[in-house]
Amino acid sequence: MAKDVLGVIRNLSSQTFKDESWTGSFEDYLKLVQEKPEVAHTAYQRLYDMVMSYGTETVTHSKGSMIKYKFFDDPEIGGRDTVFGLNTTITKLVQVFKSAAHHYGAEKRVILLHGPVGSSKSTIVRLLKRGLEKYSRTPEGALYTFSWNMPNEEHPVPCPMHEEPLRLIPQEFREKVLAEINKDLPEHRKVHVEGGLCPVCRYQTRELMKLYHGDWSRSLEHITVHRMILSEEDRVGIGTFQPKDEKNQDSTELTGDINYRKIAEYGSDSDPRAFNFDGEFNIANRGIVEFIEVLKLDVAFLYDLLSASQEHKIKPKKFAQTDIDEVIIGHTNEPEYKRLQNNEFMEALRDRTIKIDIPYITKLDDEIKIYKKDYPKNWVGEKHLAPHTIEIAAMWAILTRLEAPKKAQLTLMQKLKLYNGKSLPGFTEDTIKELKKESLREGMEGISPRYIQDKISNALVTEMDENCLNPFMVMNELEEGLAHHSLLNNEELKKHYKELLNVVKTEYEDIVKNEVQRAISADEE
């Protein structure tokens, strides 16, 4: 039995390795592009194709129906990073990807995910990065780069920025070649190749052109095209950059630095072979680069984003501007974004940014799903979770995020129920639309899911003598934690949140009364 299982694994591994290790000449690659133009797609085209490859479904809500993108349910690892309750936001984000994939202008912008702490910004980017990794291993998401087999080099020299092989075609020939490739293709499948080669590949091209007296076709004999697999761990096509102490961080982390050991070998620090093109912008070429807490970066780093987004160019030390093709996505919290708005010197960055608001969830059922993912059963270890324990905690979290309704006859609890799809006498679908229209910042403030998760965990640990965790225990934990909440410095706000706990307690008592009454009325004895 064990031998049979190992045999299957070996066969699968062997086939996978064979598929992922494809190599060929430049001519072979041209044939591949003609048969399957998607292999030469831009980074944004590939990202959009990846999201769409998981399919969509139509869901209904208070405003009608909308498309749900199944990719954000995280089907690959059992929904561990599922994004709940943000269909409208996700739709806006995917529309940006689509616009950039069709070259409508969004590809020249930095995508900025903006929202309160714990609102799934990092989760969304993590999903995209992991999705691209897996997609690059599939036949549909395959992409290729090349290496140089130089006469004076013992081993092949890979392109340090794993560029698209079609960039090898000189600009004067490129238009005719692309016209031939694209002549029978619909617009969304057409191949677009912009920009030139990196400094290392320009150097190798010059050397071969000298050797062959300007015969470009002879230089292609030294090219080996091979498949590339995107990998964050291997730093191929996926980069991540985060702020550190200003004294220990400089712009070379983005655009590469001189390799001082090779200066003696090549004789100059301006020789591209004596330079490490391993900054985050370099290694993320053809894929995606994430900027964690992007607006906490020093201004000098933010300037690098200007040309990287608008012009798709970066400036390595001692070299001309170098072309890149990658998705630039960052995320930030509210205070940093307000600082950007108030900084008149950063107007250029604001103009090159597409801001996508990632709010907290305001629908109770979706909030409950977050905690049920952590506590999927009624039992956690040795303890039983009483009915409504998670529901009550989620209810309080939602109430802290809702704005007080302007309609005098409507309470905050009723607003929560309307948002959750419950019908109330005197209120219609139009009422819900009006409520959402008047509450533009709803979900951008309040208690984060992390706080609720921490307090449920505390209650499970501190109530050691109890076999059952009930809503009152969790509510006590939530209230006690407010006094030491690191993000709550406003005493009025703390008082408001405590009052909302009383609202939730009253609602819980009503729920219990109704359930007891139903149980009694259903019992004939």
Side-chain angles (χ1 to χ4, degrees), residues 41-52 69 71-72 74 81 83 86 89-117 119-136 230-232 235-243 253-255 279-297 301-314 324-334 336-337 340 346 349-359:
H41 271 181
T42 65
Y44 267 111
Q45 285 176 315
R46 186 166 288 104
L47 181 65
Y48 178 66
D49 289 343
M50 181 271 294
V51 172
M52 297 305 295
Y69 296 91
F71 168 76
F72 294 94
D74 193 19
D81 281 338
V83 179
L86 295 176
T89 298
I90 294 298
T91 298
K92 291 178 183 176
L93 181 62
V94 176
Q95 284 173 346
V96 173
F97 296 160
K98 184 176 182 179
S99 170
H102 286 77
H103 303 275
Y104 293 156
E107 74 279 6
K108 298 180 180 179
R109 303 289 179 264
V110 176
I111 299 173
L112 181 64
L113 306 184
H114 160 255
V117 293
S119 63
S120 299
K121 301 183 297 295
S122 301
T123 302
I124 290 170
V125 181
R126 186 165 62 248
L127 275 170
L128 294 172
K129 293 195 296 184
R130 194 171 65 231
L132 273 178
E133 284 188 14
K134 184 176 185 304
Y135 190 61
S136 71
L230 303 186
S231 170
E232 183 172 18
R235 302 191 80 228
V236 177
I238 298 178
T240 305
F241 189 80
Q242 65 186 73
E253 288 191 43
L254 286 177
T255 55
E280 296 304 320
F281 276 137
N282 304 106
I283 65 103
N285 194 37
R286 312 285 304 285
I288 186 171
V289 61
E290 173 192 11
F291 281 83
I292 298 172
E293 298 293 349
V294 59
L295 297 183
K296 287 182 180 177
L297 290 171
F301 292 95
L302 296 179
Y303 287 141
D304 285 319
L305 282 172
L306 300 182
S307 58
S309 57
Q310 181 71 30
E311 310 298 335
H312 290 185
K313 293 179 183 291
I314 57 173
I324 57 172
D325 168 32
E326 59 199 69
V327 177
I328 304 173
I329 188 166
H331 41 92
T332 187
N333 296 327
E334 187 93 1
E336 286 76 25
Y337 186 72
L340 173 68
M346 296 310 297
L349 179 62
R350 292 202 303 272
D351 191 48
R352 289 169 169 82
T353 298
I354 295 177
K355 179 172 74 78
I356 305 288
D357 286 333
I358 311 291

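Put simply, the side chain of V83 does not reach to within 4.5 Å of the side chain of D74, judged on heavy atoms. At a threshold of 4.5 Å between non-hydrogen side-chain atoms, the residues R352 and S309 count as touching. Counting heavy atoms from C-beta on, the side chains of Y337 and V294 never come closer than 4.5 Å. The shortest side-chain heavy-atom distance between V110 and I354 does not fall under the 4.5 Å cut-off. Looking at F97 and I111, their side chains come closer than 4.5 Å, going by heavy atoms from C-beta outward. Proximity of P116 to E334: side-chain heavy atoms (C-beta onward) are nowhere separated by under 4.5 Å. In this structure, the side chains of H103 and T42 come closer than 4.5 Å at one or more pairs of heavy atoms. Side-chain contact between D304 and I314: absent, with no pair of heavy atoms (C-beta onward) separated by less than 4.5 Å.
Atoms CD1 and NZ, on I292 and K121 in that order, are 12.0 Å from each other to the nearest 0.5 Å. Rounding to the nearest 0.5 Å gives a distance of 9.0 Å between CG of L113 and CD of E290. Considering CD1 of I356 and CG of L93, their distance stands at 5.5 Å, rounded to 0.5 Å. Of the inter-residue distances, the one linking I328 atom CD1 with K108 atom NZ reads 13.0 Å to the nearest 0.5 angstrom. In this structure, the separation between CG on L47 and NE2 on H41 is 13.0 Å, given to the nearest 0.5 Å. Note: R130 CZ to D81 CG = 5.0 Å, rounded to the nearest 0.5 Å.
Under a 3.5 Å cut-off, the side chain of Q310 and the backbone N or O of S307 do not form any donor-acceptor pair. When atom types are taken as modelled, the side chain of T353 and the backbone of L349 share a donor-acceptor pair closer than 3.5 angstrom.
In terms of heavy atoms, L86 sits closest to S119 at CD1-O, 3.9 Å. Across all non-hydrogen atoms, the minimal contact from M50 to G131 is CG-O, 3.7 Å. Looking at every heavy atom in both residues, R46 comes nearest to Y135 through O-CE2, 3.8 Å. Of all heavy-atom pairs spanning E133 and L230, the tightest one is CG-O, 3.5 Å. In plain terms, the two heavy atoms of Y44 and A106 that are nearest each other are OH-O, 4.1 Å. Between A43 and G287, the shortest heavy-atom contact is CB-O, 3.5 Å.
Within a 6.0 Å radius of NZ in K98, no more than 12 heavy atoms belonging to other residues, nucleotides or ligands are found.
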Verdict with supporting geometry, V327 and V289, side chain to side chain contact (heavy atoms under 4.5 Å, CB included): CA-CA 6 Å; V327 177; V289 61; over 6 Å; no

From CA spacing to verdict: side chain to side chain contact (heavy atoms under 4.5 Å, CB included), N333, E293: CA-CA 7 Å; N333 296 327; E293 298 293 349; 3.4 Å; yes

Verdict with supporting geometry, D325 and H312, side-chain hydrogen bond (donor to acceptor under 3.5 Å, both in side chains): CA-CA 6 Å; D325 168 32; H312 290 185; 5.3 Å; no

Trace of the side-chain hydrogen bond (donor to acceptor under 3.5 Å, both in side chains) decision for H114 with E336: CA-CA 10 Å; H114 160 255; E336 286 76 25; over 6 Å; no

Residues I329, I124; criterion side chain to side chain contact (heavy atoms under 4.5 Å, CB included); working and verdict: CA-CA 10 Å; I329 188 166; I124 290 170; 5.6 Å; no

Full working for side chain to side chain contact (heavy atoms under 4.5 Å, CB included) between L128 and F71: CA-CA 9 Å; L128 294 172; F71 168 76; 3.9 Å; yes

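Partner T240 forms a side-chain hydrogen bond (donor to acceptor under 3.5 Å, both in side chains) with one of K129, E280, R235 and no other, that one being K129.
Aromatic pair F291/F281: ring centres closer than 6.0 Å.
Checked for salt-bridge contact, D357 and K92 miss the test: no charged N lies under 4.0 Å from a carboxylate O. We find that E326 and R286 are not joined by a salt bridge, their nearest charged nitrogen and carboxylate oxygen being 4.0 Å or further apart.
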